There are 2 protein chains.
Amino acid sequence: MKLRRPPRPTGAAFLLAQLGAHAADRFAERIEGLGVAPRHAGILRVVATTPVCNQRLLAKRLGVLPSRMVILLDELTEKGLLERKRSTKDRRHSEIILTRRGQRMLEKLSRLAAEHEADLCAALTAKEREDLAALGRKIVHQQGLTPDVHPGYRKL
Amino acid sequence: MKLRRPPRPTGAAFLLAQLGAHAADRFAERIEGLGVAPRHAGILRVVATTPVCNQRLLAKRLGVLPSRMVILLDELTEKGLLERKRSTKDRRHSEIILTRRGQRMLEKLSRLAAEHEADLCAALTAKEREDLAALGRKIVHQQGLTPDVHPGYRKL
DNA sequence: ATGCAATCGTTCATAGGATGAACGATTCAT
DNA sequence: ATGAATCGTTCATCCTATGAACGATTGCAT
């Protein structure tokens, strides 16, 4: 396929979008065997780092509608990775807690994430990786994004 | 919301996915007023830089099923941005060509992309932007991604 | 030349995620 | 005590993704 060159070299914004989609896809493939999808992984991550955690909070933090969060938590509950515990003080809330199995799953996910990172950045030296992360963090901060959370993993 | 700190600082892979989704969302918002979605923009871009261009080629290059491409091209044709011209030599193919209007749309998109880039990288100096882009290009190359194309813009 | 496989664009059916309205149960405020 | 607000949940609806199948057309082998 013959191509005319695009007028300008590819900008940083386009590269970020391209690489982000690629990274998300590859991560999804990598954890597929564990029986959970990236969106589940994100939930487990937030639940583990949020002491008192209800569904409303989770939904808002992950940028998902509460009605959707119900389904995702149903799936995770069915897999035995977390439990809903009705609060005794305010029986409208249900506290979300990780099961032992959920904690083990989170550890596995952590290992796979490290492998994922290594593969994705195979072209970079250790210093370059840190430079890239530092630049990324600058943008995340200036753009007002919540660290360690991102919306819209695609697929599954 | 009180949070325990995640065990490790955020890795480059996660940052890329987070920033990529953010960049894609912001770009989608920015071009919304033009009446086209990011996936349309991607198609126009490829059509403009591919001299002889049929639907099969487009679909493969953009990672979309041919059946989906039919619909996307229908939408762009309805907006008068491109035309399907049956090849006289092989009447199975239809050559996709940009209309004048499509070219003007592409120019507008180009301007908005530049603004988008400026806003997204507002936290970085010119040199930092170039460093970021250079690191990104290294990864794109090593990962075997097609330059200037990325799959799966989300939304609209 | 004829028949067979392959190619291209297209239609169709199906499954799944996103979105927002509405509801029951419960708690809070006045 | 009554009405507003909160939380989890159900439901209906829209849009997208996915792949099977089809008609039209062409290339190839015999």
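Chain A is the first sequence line, chain B the second, and so forth, proteins listed ahead of strands; every chain is numbered from 1. Predicted, not measured: the structure shown is a model, and the values here were computed from it.
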Closer than 3.5 angstrom, by distance alone: can the side chain of [X] be matched with the main-chain N or O of [Y] as a donor-acceptor pair?
{"X": "B:Thr99", "Y": "B:Gly80", "value": "yes"}
{"X": "B:Gln55", "Y": "B:Pro66", "value": "no"}
{"X": "A:Glu75", "Y": "A:Val36", "value": "no"}
{"X": "B:Lys85", "Y": "B:Ile97", "value": "no"}

For this session: Hey, which sits more toward the 5' end of DNA chain C by its nearest nucleotide, A:Ser87 or B:Arg92?
Result: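 Result of the comparison: B:Arg92.
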Exercise. Mind checking whether A:Val140 and B:Phe14 sit in one hydrophobic cluster, side chains of I, L, V, M, F, W, Y counted as touching below 4.5 Å?
Worked result: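 Shared cluster, no.
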For this session: May I ask you to verify if any side-chain N or O of A:Arg86 is less than 4.0 angstrom from the OP1 or OP2 atom of D:dC7?
Result: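 For D:dC7, neither OP1 nor OP2 has a side-chain N or O of A:Arg86 closer than 4.0 Å.
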Exercise. Would you say B:Arg91 reaches D:dT25's phosphate, i.e. side-chain N/O to OP1/OP2 under 4.0 Å?
Worked result: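 Answer is yes, contact under 4.0 Å.
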Rounded to the Å, how far apart are [X] [atom1] and [N] [atom2]?
{"X": "B:Asp74", "N": "C:dG9", "atom1": "CG", "atom2": "P", "result": "12 Å"}
{"X": "A:Ile71", "N": "D:dT9", "atom1": "CD1", "atom2": "P", "result": "11 Å"}
{"X": "A:Lys60", "N": "C:dT19", "atom1": "NZ", "atom2": "C1'", "result": "19 Å"}
{"X": "B:Arg61", "N": "C:dC8", "atom1": "CZ", "atom2": "C1'", "result": "19 Å"}
{"X": "A:Leu58", "N": "D:dG8", "atom1": "CG", "atom2": "P", "result": "9 Å"}
{"X": "B:Glu95", "N": "C:dC8", "atom1": "CD", "atom2": "P", "result": "14 Å"}
{"X": "A:Asn54", "N": "C:dT27", "atom1": "CG", "atom2": "P", "result": "14 Å"}
{"X": "A:Leu62", "N": "C:dG17", "atom1": "CG", "atom2": "P", "result": "16 Å"}

Exercise. Any salt bridge between B:Glu29 and B:Arg26, counting N to O under 4.0 Å?
Worked result: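 Looking at B:Glu29 and B:Arg26, the cut-off is met.
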Problem set entry | SB check A:Glu83 A:Arg101 (cutoff 4.0 Å) |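 The answer is no: the pair does not qualify as a salt bridge.
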Looking only at side-chain atoms of [X], point me to the closest of [options].
{"X": "B:Val70", "options": "D:dT26, C:dG9, D:dC7", "value": "C:dG9"}
{"X": "B:Asp90", "options": "D:dT26, C:dT27, C:dT10", "value": "D:dT26"}
{"X": "B:Arg39", "options": "D:dT9, D:dT16, C:dG9", "value": "D:dT16"}

For this session: Mind listing the closest non-hydrogen atom pair of B:Gln142 and A:Asp119 along with its distance?
Result: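 Reported closest heavy-atom pair: OE1-O, 4.1 Å.
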For this session: Note down the inter-axis angle between the two ends of the helix from C:dA1-D:dT30 to C:dT30-D:dA1, five pairs each, to the nearest 10°.
Result: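 For the helix from C:dA1-D:dT30 to C:dT30-D:dA1, the axes at opposite ends meet at about 10°.
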Report all interatomic pairs (protein N or O, nucleotide N or O of nucleotides 20-23 of chain C) with separations under 3.5 Å.
{"residue": "C:dG20", "atom": "O6", "partner": "A:Ser67", "partner atom": "OG", "Å": "3.0"}

Exercise. What does B:Arg56 touch in the nucleic acid at a heavy-atom separation under 4.0 angstrom: a base, only the sugar-phosphate, or nothing?
Worked result: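 Touches a base.
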